[in-house]
Amino acid sequence: MIRAVKGTRDILPPDSAAWNHLESVARRVFRSYRYGEIRTPILEETQLFARGVGQETDIVTKEMYTFDDRDGTSLTLRPEATASVIRAYLEHRLDQRPGVQKLYYLGPMFRRERPQKGRYRQFYQIGAEAIGSESPAVDAEVIEMVIDLLRQAGLQGFTLLLNSVGCPVCRPRYIQELRRELDKVSEQMCLDCQRRALTNPLRVLDCKVEADQPIIDRLPSILDHLCETCRTHFALVRRYLEERDIAYELRPRLVRGLDYYMRTTFEVVHGALGAQNSVLGGGRYDGLAESLGSRIPAPGIGFSIGEDRLVMALEGAWSDPLDVFIAPLGEAAAGQAARLARPLRERGFSVETGSEARLKRALELANKLGARFALIVGDDEIASERYTLKNMQSGEQAALPLDAIIERLKT
RNA sequence: GUGGGUGUAGCUCAGCUGGUAGAGCGCUGGAUUGUGGUUCCAGUGGCCGAGGGUUCGAACCCCUCCACCCACCCCA
């Protein structure tokens, strides 16, 4: 048998209802902050990600689905969306439009990693970007919005982690300092850290090995090495968040894996997600446009939610119950059942019409389908134009005209 | 890419020291007339992940693959 390819999966009903619910909450929240949807291609030129995400990142070096098009152009299935959004912003000169450009997106991303809990090769992200301003007030609103979204989606027990990773002025100085300190202590650390100390010292801060923690705690903190501009920016972001009553944990050790992040970075974590406890990640990326070769600046901040993980973290399956199961008795009744179904559907009720020969079978099926009501349409009903509406939970039933049925369904 | 775990019915699993498979749930039908859920009865369903080996005989032991899951790396 042909199966779904590794790391991809089918999302079937009733599970898909939870996804739809989450997506409609997200759209509603985005709209309330006046973000508009952007739909970018899933396929982009490889260069976009190589330069945007960062030549040295894991994503670019080993996780991209890349292939040559027939004309030889190298194409890649998008591993994330921010680079595409910035590309579109520049391509369509959105910088010429008034105000901050506020865009949201949702859809599949692709990374060729070993799948595990909360990690797929095709996974879904819901994200947003606010482009065209360096103001810390924008940072605060973006974070406020995503927290709002999580709340409205019904997520409980999550933690917002906040940090600043500096800018091209202060980060290199910090990394230099970090390297100096690591030279002294790295041999006491785990093998991974010894490797990281040489290749990517910032990653050492992320190490989860228990024995390394005291050592890491004594390493210099980026927050003590921010330049003046970054320091005031971060102070303001924090103040604005506090003014909005948004609780966060300061995590000077929070490092993001994509090269383009600068200044504000944040992440939301949730227990019960396994090793992949991050529900969302985001940050500011003021230099991204330039690294794509643009002369037009596009300073911005954004986030992206791991939809697969958020769905996993949301407890209780979202169900979409069947309102009415119509059980026609006999061939004459089938036509009448269809005539009754239409006005009910027009009013937004979900309706299924059965075709069971015996009422017993029809009710059995209505029960299995989880119908709230069954509507029995037989000869008596057709003659009197009063149809038997049965409440499947209580078992109560009554013969009612159509308008009364509609009223009853609303309960 | 590296480790660990697991592969038996649609699903969740049992199968003792090797004698060619079971349960629960589900699904289908029955307990007669236009009343479901509970109950009872019957039925459906499996090249025991694949290939090879040992053996009179393998779901079970050995080898090799493959798939899925979890973890590392890294990230959503």
Side-chain angles (χ1 to χ4, degrees), chain A residues 1-9 53-54 56-63 78-82 106-127 146 190-193 195-196 199-200 202-203 206-209 254-258 261 267-270 273-283 302-313 325 327-330 333 354 356-382 387-397 399:
Chain A
M1 263 308 289
I2 298 175
R3 305 165 49 94
V5 313
K6 185 197 284 290
T8 73
R9 56 183 179 153
V53 175
E56 305 305 317
T57 58
D58 279 14
I59 292 179
V60 171
T61 55
K62 52 186 198 198
E63 296 173 1
R78 63 180 186 193
E80 60 110 44
T82 302
L106 84 223
M109 309 293 159
F110 303 84
R111 292 182 200 171
R112 200 181 184 293
E113 296 177 272
R114 228 16 203 275
Q116 69 191 72
K117 190 178 177 68
R119 166 178 292 163
Y120 306 94
R121 289 183 171 184
Q122 174 173 339
F123 61 103
Y124 294 80
Q125 289 190 332
I126 299 176
V146 74
C190 69
L191 290 172
D192 279 331
C193 278
R195 179 178 51 76
R196 293 187 190 110
T199 58
N200 191 350
L202 288 175
R203 293 246 79 91
D206 242 3
C207 177
K208 288 161 198 133
V209 175
L254 176 68
V255 191
R256 317 248 72 244
L258 285 64
Y261 285 120
E267 182 169 328
V268 168
V269 293
H270 186 95
L273 282 184
Q276 268 58 52
N277 64 349
S278 166
V279 179
L280 107 228
F303 61 81
S304 97
I305 299 171
E307 191 174 359
D308 306 75
R309 293 181 188 176
L310 182 49
V311 167
M312 199 188 321
F325 184 92
L329 301 176
E356 285 62 36
R358 298 165 53 195
L359 181 58
K360 179 184 167 62
R361 286 275 161 266
L363 288 175
E364 229 170 67
L365 185 55
N367 190 55
K368 283 174 185 168
L369 296 177
R372 295 169 54 227
F373 291 92
L375 186 62
I376 300 164
V377 181
D379 294 341
D380 301 349
E381 284 82 359
I382 293 171
Y387 308 92
T388 304
L389 185 69
K390 182 183 179 82
N391 181 319
M392 293 300 287
Q393 221 194 328
S394 65
E396 291 170 313
Q397 63 181 58

Across all chains, not counting sequence neighbours, the salt bridge (charged side-chain N to carboxylate O under 4.0 Å, His left out) partners of K62(A) are D58(A)

Residue pairs passing the salt bridge (Lys or Arg N to Asp or Glu O under 4.0 Å) test with at least one member in residues 366-375 of chain A, sequence neighbours excluded, are D323(A)-R372(A)

Verify the distance criterion only: is there a donor paired with an acceptor across the side chains of Q276(A) and Q116(A) at less than 3.5 Å?
yes

Residues at least two apart in sequence or cross-chain that pass ring-ring contact (aromatic ring centres under 6.0 Å, His included) with Y124(A), listed by chain then number, are W19(A)

Protein heavy-atom contacts under 4.0 Å, written 5' to 3' over nucleotides 39-47 of chain B as B (base), S (sugar-phosphate only) or - (none), form the string ---------

**Asked** Contact class for L329(A) (heavy atom, under 4.0 Å): base, sugar-phosphate, or nothing?
**Response** base

Report task. Determine the contact category for E307(A): base if any of its heavy atoms lies under 4.0 Å from a base atom, sugar-phosphate if only primed atoms, P, OP1 or OP2 are that close, otherwise nothing. Result -> nothing

Against the side chain of R114(A), the closest entry in G34(B), G1(B), G36(B) is G1(B)

Those stems involving RNA chain B that have three or more consecutive Watson-Crick or G-U pairs, both distances under 3.5 Å, are B:1-7 with B:66-72, B:10-13 with B:22-25, B:27-31 with B:39-43, B:49-53 with B:61-65

Would you list the protein and nucleotides 28-31 of chain B atom pairs, both N or O, that sit under 3.5 Å from each other?
unit_1, atom_1, unit_2, atom_2, d
U28(B), OP2, K368(A), NZ, 3.1
G30(B), OP1, R358(A), NH1, 3.3
G30(B), OP2, R361(A), NH2, 2.2

**Prompt:** Is it true that a side-chain atom of R9(A) and a backbone atom of A4(A) form a donor plus acceptor pair closer than 3.5 Å?
**Reply:** no

_Regarding Y120(A), tell me which of base, sugar-phosphate or nothing describes its non-hydrogen contacts under 4.0 Å with the strands shown._
base

Atom CD of E113(A) and atom C1' of C72(B) are separated, to the nearest Å, by 12 Å

Of the candidates A71(B), U35(B), C72(B), the side chain of K117(A) sits closest to A71(B)

When all nucleic acid strands are considered with a 4.0 Å heavy-atom cut-off, which category describes Q393(A): base, sugar-phosphate, or nothing? base

Check your understanding: Is there aromatic stacking of F123(A) against A76(B), centre distance under 5.5 Å, plane angle under 30°?
Key -> yes

